Amino acid sequence: MPIDLSTPAVPVSFEVYPPRSEAGVATLHETIRHLAAVNPRFISVTYGAGGSTGGRSLELLTHILRETRVKPLAHLTCVGSTYAGANTLIREFLDAGITSFLALRGDPPAGASEGDAFLGDLESAAQLVQLIDRVQAERTPYAEAPFPGIPGAVRVERRPKVDIAVAAFPNGHPRSRHPGEHIDALLAKQAAGATLAITQLFFHAGDYLGFVDRARAAGVTIPILPGIMPVTSPARLRRVLELTGAQLPVELSIALEIEPTPDGQRDVGIAHAAELARSVLDGGAPGIHLYAFNNHDTVLAVLGDAGILTPHDPHKEARP
Ligand code: FAD
């Protein structure tokens with residue numbers, strides 16, 4: 001039965017990365033078209049991760065803005081930037097019409113020594129949140145509008161607000177120096193003006209739900225959106241564990257290893273991600289953010305399996 005693409009049962013969003021070559025552009029645009037068809041809240045585009053450049057990110061964000069009705073959300077990192085450089089970059093994105101951001105510190109370049117010497121002028125994502133807000137305020141000219149009903153009176157026009165999301169780490173940040181540091185960092189990002197947190201991937205619903213409880217107890221009030229990645233092969237699982245420092249999910253790992261075919265492994269990954277999505281939603285998650293790996297089939301299958309995209313009812317259309 002076809003899937004009803006018009007109304008997901010809960011808010012969904014996707015992450016993609018810019019194409020690494022010209023050859024990948026058309027395929028990715030096709031993927032965006034499929035993802036946009038399920039009416040996600042936003043599609044986010046990574047920055048600097050995996051070798052993607054700012055130019056490529058902005059091109060893709062502009063494509064989403066022009067060609068779909070979905071809000072593009074730009075990841076921005078501050079590692080290695082000067083204040084002036086970060087200021088110019090933020091302005092460039094705002095000038096292109098991008099008004100939603102995921103403010104990140106970014107990781108040290110490969111081979112950088114331990115310590116914070118790699119950081120540049122901005123030392124944390126919280127400082128980038130403040131800078132985005134400040135740049136937006138500075139570039140919007142002061143404007144007045146007539147006050148309705150009182151001749152001659154004026155009011156200050158309200159500035160269009162930027163949405164600023166930040167990263168959260170259910171299992172702690174791999175570079176944290178003490179167990180509560182990632183929650184302190186999230187509090188700092190909220191205090192700086194962040195309005196949404198998106199989590200690093202995790203493999204057990206309890207990791208996310210326990211983290212949300214601890215964050216709430218510490219004073220975090222912004223929505224915390226669970227980031228879920230369907231892991232569809234043992235090789236991808238190894239790569240993800242390497243990048244994130246997450247603990248090996250033993251059952252998923254065994255299920256992927258004993259499955260002899262790529263299609264079977266893909267089914268295992270989809271079923272696991274769908275089950276995870278259902279569990280965190282049952283536990284109160286405000287929606288689902290899926291790491292799409294620039295492939296629409298897998299993440300749409302996860303949403304279908306999780307019952308978030310419902311099977312299409314042909315009689316529904318016939319009703320007035
Ligand atoms: P921060 O919030 O600055 O925190 C990092 C650590 O710094 C904290 O754990 C804490 O140890 C310390 N810290 C922060 N603030 C304070 C403070 N006020 N006081 C004391 N200590 C503090 N990377 C990319 O390069 N490009 C991407 O597009 C990208 N997208 C991502 C998307 C998501 C959803 C996630 C979860 C991560 C993403 N990353 C990306 C990875 C991210 O850049 C790294 O995990 C990075 O190491 C931390 O970034 P952050 O924004 O959490 O940093």
Side-chain angles (χ1 to χ4, degrees), residues 13-18 20 42-58 60-61 72-81 86 89 93 98 100-110 112 114-132 164-194 196-202 207-208 211 214-215 218-220 222-229 240-246 287-294:
S13 51
F14 303 106
E15 177 187 296
V16 295
Y17 53 84
R20 298 206 171 104
F42 60 84
I43 297 177
S44 80
V45 177
T46 64
Y47 181 90
S52 63
T53 65
R56 284 233 169 95
S57 295
L58 189 52
L60 183 57
L61 289 156
L73 184 146
H75 296 206
L76 277 186
T77 61
C78 52
V79 151
S81 308
L89 186 72
F93 278 62
I98 307 304
S100 297
F101 294 91
L102 174 57
L104 298 146
R105 191 187 60 170
D107 283 317
E114 275 303 308
D116 290 346
F118 65 90
L119 283 172
D121 284 348
L122 296 161
E123 286 165 9
S124 69
Q127 291 179 11
L128 182 59
V129 171
Q130 280 175 330
L131 186 63
I132 294 171
I164 310 178
V166 289
F169 298 84
N171 291 306
H173 188 275
R175 293 168 70 97
S176 277
R177 284 156 291 197
H178 65 82
E181 195 175 13
H182 59 294
I183 292 190
D184 293 346
L186 184 54
L187 274 170
K189 293 188 261 197
Q190 173 177 281
L196 172 71
I198 305 176
T199 76
Q200 179 61 284
L201 63 90
F202 55 91
D207 294 350
Y208 166 81
F211 169 70
R214 289 193 300 282
V220 174
I222 57 176
I224 302 176
L225 199 52
I228 294 181
M229 179 185 289
V240 159
L241 297 180
E242 217 177 271
L243 284 174
T244 61
I288 297 294
H289 182 68
L290 284 162
Y291 295 103
F293 261 103
N294 288 12

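None of the values given here were measured: they were computed from a predicted structure. First listed ligand is number 1; within each ligand, the first listed atom is number 1.
Heavy-atom contacts of Y291 reach the following atoms of ligand 1: 34 (C) (cutoff under 4.0 Å). Interface of L102 with ligand 1, defined as ligand atoms under 4.0 Å from a residue heavy atom, comprises 32 (C). Contact atoms of ligand 1 toward K189: 1 (P), 2 (O), 50 (P), 51 (O), 52 (O) (distance under 4.0 Å to a heavy atom of the residue). Taking every heavy atom of Q200 and a limit of under 4.0 angstrom, the matching atoms of ligand 1 come to 36 (C). Ligand-side atoms of ligand 1 in range of A185: 8 (C), 14 (C), 15 (N), range being under 4.0 angstrom from any heavy atom. For ligand 1, the atoms lying closer than 4.0 Å to a non-hydrogen atom of T46 are 28 (O). Against a heavy-atom cut-off of under 4.0 Å, A167 is close to the following atoms of ligand 1: 35 (C), 36 (C), 52 (O). Annotation for ligand 1: atoms under 4.0 Å from non-hydrogen atoms of F169 are 45 (O), 52 (O).
When the side chain to side chain donor-acceptor pair (under 3.5 Å) test is applied to E123, no partner is found at least two apart in sequence or on another chain.
The part of H173 lying near ligand 1 is the side chain, judged by heavy-atom distances below 4.0 Å. Looking at A188 against ligand 1, only its side chain comes within 4.0 Å, counting heavy atoms.
Compare L128, L187, T77 by their heavy atoms: the one nearest to atom 23 (N) of ligand 1 is in T77. Among R105, H289, E123, the residue whose heavy atom lies nearest to atom 49 (O) of ligand 1 is R105. Between S124, G227, P170, it is S124 that holds the heavy atom closest to atom 16 (C) of ligand 1.
L201 pairs in a side-chain contact (heavy atoms from CB on, under 4.5 Å) with only one of the listed residues (D207, I228, N171, V240), which is V240. Residue L196 is tested with V166, I164, L225, I224 for a side-chain contact (heavy atoms from CB on, under 4.5 Å); the sole match is L225.
Between P226 and I288 there is a side-chain heavy-atom pair separated by less than 4.5 Å.
At least one donor-acceptor pair under 3.5 Å links the side chain of T199 to the backbone N or O of G227. Proximity of a side-chain donor or acceptor of E181 to a complementary backbone N or O of H173 within less than 3.5 Å is not detected. In terms of modelled atom types and a separation under 3.5 Å, the side chain of S57 and the main chain of T46 share a donor-acceptor contact. A donor-acceptor pair is defined here as one N or O able to donate and one able to accept, closer than 3.5 Å; no such pair exists between the side chain of K189 and the backbone of V129.
Relative orientation of the F202 and Y208 rings is parallel, given thresholds of 30° and 60° on the angle between their planes. Note on ring orientation: taking the six-membered ring where Trp is involved, the planes of Y47 and F93 are perpendicular (angle over 60°, cut-offs 30° and 60°).
Of the polar atoms of T199, none of the N or O atoms is found under 3.5 Å from an N or O of ligand 1, judged by distance alone.
Ligand 1 is never approached by A126 to a heavy-atom distance shorter than 4.0 Å.
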